[in-house]
Amino acid sequence: MQVFKFGGASVKDAEGVKNLAKIVQGYPSTNLLIVISAMGKMTNKLEELTWAYVKGEEKAHQLFEEIKTYHFDIISTLFTDHKNPIYDDVANTFVEIEWLLEEEASDSADYLYDQIVSIGELVSTKIVAAYLNLIGCFAIWADARSYIKTDNNYRDANVIWDKTEQEIQKHLPTYLDRGIVITQGFIGGTSENFTSTLGREGSDYSAAIFCACLNAESMTIWKDVPGVLNADPKWFDETEKIPQLSYHDAIELTYYGATVIHPKTIKPIQNKGIPLYVRSFLQPEAVGTAITGVATPLPVPSFIFKVNQVLISIFPKDFSFIIEENLSHIFNILHKNKVKVNTMLNSAISFSVSVDNDEEKIKQLITDLSETFKVKYNKGLELVTIRYYNQQTIDRVIVNKDVLLEVKSRHTCQIVMKDKA
Ligand code: ASP
Ligand code: MG
C-alpha cells in the first residue's frame with residue numbers, strides 16, 4: 001500500500017480538489033491512504049480565530065464567518081446538487097466551533113487551540129472524500145483522532161507509538177482493501193478522546209506515522225515545487241532540484257530549517273526503510289525527489305536561510321573562562337525558555353548562540369541569563385547554513401554582508417551575518 005500527503009496549497013480552491021482527484025485517479029483504487037491538511041491558509045485563520053476567542057474579542061465571530069464562507073464557496077463549486085450530504089456534514093462540523101464561541105474561554109489556550117484549529121483538517125478531508133465519491137472514486141473518510149494516539153501536550157502532542165500502531169493495524173487494513181482511505185494530517189486524539197495537534201506543518205509527520213504503522217511501500221508528498229530544491233526559491237533565483245537524497249541529508253537539511261518537509265517526518269520512515277518521494281501536484285507526470293537509504297552525495301551545495309535572528313553573546317560576570325558548569329547553566333536557561341539554538345560558538349571568555357527572534361521569549365531569556373552572566377545581543381540578523389559548502393558558495397552568500405559568526409564542520413558551514421551598513 002501507498003501513502004500520499006497533500007498540503008494546504010494543493011487544496012486551496014475547488015480547482016485544487018479537482019486536480020487532486022485527477023492525480024488520485026491515476027493510481028489503484030484500493031490500498032491508498034491519503035493524508036490531507038486544512039485548505040489553503042485556513043490553519044492561520046483558525047489560529048487567529050482562537051486567539052481572538054481566548055482574548056474575548058468580537059473579531060472571533062467575523063473570522064468564523066469568513067472561514068465558513070471560504071469552505072462553502074468551494075463546496076458549492078464542487079457539488080452543484082445542494083442536497084448532497086456534504087453541506088450538512090460540514091455545517092455540523094462547524095457547530096463545534098459555534099458552541100465554543102457561545103461560551104467564555106475558560107479552558108487552557110493550548111487546549112482550545114487544538115479543539116478549534118483541528119476543524120480545518122476535519123472539514124477539508126470531508127470535502128475531498130465526498131468529491132471523490134461524487135466522481136465515482138470510492139473513498140472512505142477516517143478520523144485520524146481514533147488512530148494517531150497522543151498525550152495531552154496540546155499544540156505539540158507526543159505520539160504514543162504502541163497505541164497508535166495497534167489502532168492503525170486493527171482497523172485500517174480492512175478499509176484499505178475496499179477503497180481509498182482519506183484522513184487528516186496534523187491532528188490526533190488523547191486517551192480521553194480530546195483532539196490534539198502535532199505542531200504546525202505536522203501533516204507530513206502524520207503521513208509518516210501512518211506509513212510506518214502500515215509498513216507502506218512508499219510515501220509521496222505532493223507539493224507546489226518540483227521536489228526538494230537546493231535552496232528556497234523565496235530567497236534564491238537559481239535553484240536546482242535534487243533528484244536523490246539520503247535520509248541522513250534530508251534530516252540534516254530539515255534540521256537546519258529547510259521547510260520542504262517537516263523535520264519529524266524522516267525518522268519513522270527511515271526506521272522502516274520506506275522511500276519518500278517529493279513530487280509536484282502541478283506537474284504530476286514529472287519525477288521529483290526520491291529520499292531513500294542510499295547514501296548518494298548531494299550533487300550541489302544546499303542553502304538554508306533563516307531571517308530575524310538574534311545573536312546572543314554570554315560572558316561570565318567575573319570574566320572567568322567559560323567552563324562546563326557555566327555551559328550547563330546556560331543550556332538549562334535556554335531549555336526552560338523553550339528557545340532552540342540554531343547555531344553556537346564557544347570561545348575562551350564568551351559563548352554565543354543564534355536564535356529565532358521570538359520577542360517575548362527572547363526578552364525573558366535575556367532577563368534570566370542576565371542574573372548570572374553579562375549578556376550582549378544583536379538583532380535583525382540572517383543565518384545561512386550551507387550543506388556541502390566550498391569557498392565559492394560562502395563568497396556568494398556574504399556579498400554585501402558583515403559576518404558576525406562563522407561555524408564550520410566537515411560538510412556544513414553556518415554564517416550569521418547582517419547587511420553592510
Ligand atoms: N494545517 C496545518 C498547518 O498549516 C498542518 C499542515 O499543513 O501540515 O500547520
Ligand atoms: Mg498547512
Side-chain angles (χ1 to χ4, degrees), residues 3-13 16-17 20 33-51 63-64 66-68 70-71 74 90 93-94 96-97 109-110 112-129 141-145 147-148 150 153-159 182-189 195-212 219-225 228 232 234 250 254 257-269 276-281 356 358:
V3 173
F4 285 178
K5 183 261 172 171
F6 285 92
S10 68
V11 288
K12 68 179 194 308
D13 50 24
V17 176
L20 178 156
L33 179 126
I34 307 178
V35 171
I36 305 172
S37 308
M39 295 178 142
K41 299 266 178 237
M42 280 300 115
T43 304
N44 291 354
K45 201 103 187 181
L46 285 156
E47 246 181 22
E48 241 186 281
L49 161 65
T50 308
W51 303 139
L63 286 163
F64 184 40
E66 287 170 22
I67 291 164
K68 283 193 287 188
Y70 176 92
H71 288 99
I74 294 176
V90 168
T93 311
F94 279 128
E96 301 277 335
I97 297 184
D110 288 349
L112 290 169
Y113 177 104
D114 284 1
Q115 312 317 304
I116 295 174
V117 173
S118 56
I119 302 290
E121 266 71 11
L122 291 170
V123 169
S124 73
T125 48
K126 286 188 176 192
I127 297 172
V128 174
W141 183 85
D143 190 331
R145 295 171 297 184
Y147 302 105
I148 308 272
T150 74
N153 189 28
Y154 295 109
R155 282 185 75 193
D156 192 19
N158 300 295
V159 173
I182 303 285
T183 195
Q184 307 78 41
F186 178 55
I187 74 172
T195 308
S196 55
T197 66
L198 307 175
R200 285 301 307 264
E201 308 304 331
S203 294
D204 295 346
Y205 181 41
S206 302
I209 298 166
F210 282 110
C211 254
M219 166 167 159
T220 305
I221 300 182
W222 296 91
K223 301 213 43 127
D224 56 1
V225 286
V228 177
D232 187 334
K234 213 161 72 188
T254 56
T259 54
V260 61
I261 311 163
H262 188 278
K264 285 185 180 169
T265 312
I266 308 294
K267 205 72 209 148
I269 57 167
L276 167 60
Y277 302 105
V278 180
R279 299 178 58 180
S280 164
F281 62 76
D356 294 346
D358 185 330

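Start at 1 and go down the list; that is how both ligands and their atoms are numbered.
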Parallel, tilted or perpendicular: which one describes the rings of His262 and Tyr205, with boundaries at 30° and 60°?
parallel
Any donor-acceptor N/O pair, Thr183 side chain to Ala142 backbone, under 3.5 Å
yes
I want to know if ligand 1 touches Glu121 in the polar sense, i.e. an N/O pair below 3.5 angstrom.
yes
Side chain, backbone, both or neither: Ser37 near ligand 1, heavy atoms under 4.0 Å
side chain
Parallel, tilted or perpendicular, as decided by the 30° and 60° cut-offs, for the rings of Phe94 and Phe64
perpendicular
Those atoms of ligand 1 less than 4.0 Å from some heavy atom in Arg200
3 (C), 4 (O), 9 (O)
If we only consider heavy atoms of His262, is any one of them less than 4.0 Å away from an atom in ligand 1?
no
Which of the atoms of ligand 1 are close to Ser203, meaning less than 4.0 Å from one of its heavy atoms?
5 (C), 6 (C), 7 (O), 8 (O)
Residue-ligand contact Gly7/ligand 1, heavy atom below 4.0 Å
no
Is there a donor-acceptor pair under 3.5 Å between the side chain of Glu121 and the backbone N or O of Ala38?
yes
Any side-chain to backbone donor/acceptor pair from Tyr70 onto Lys12? Under 3.5 Å, distance only.
yes
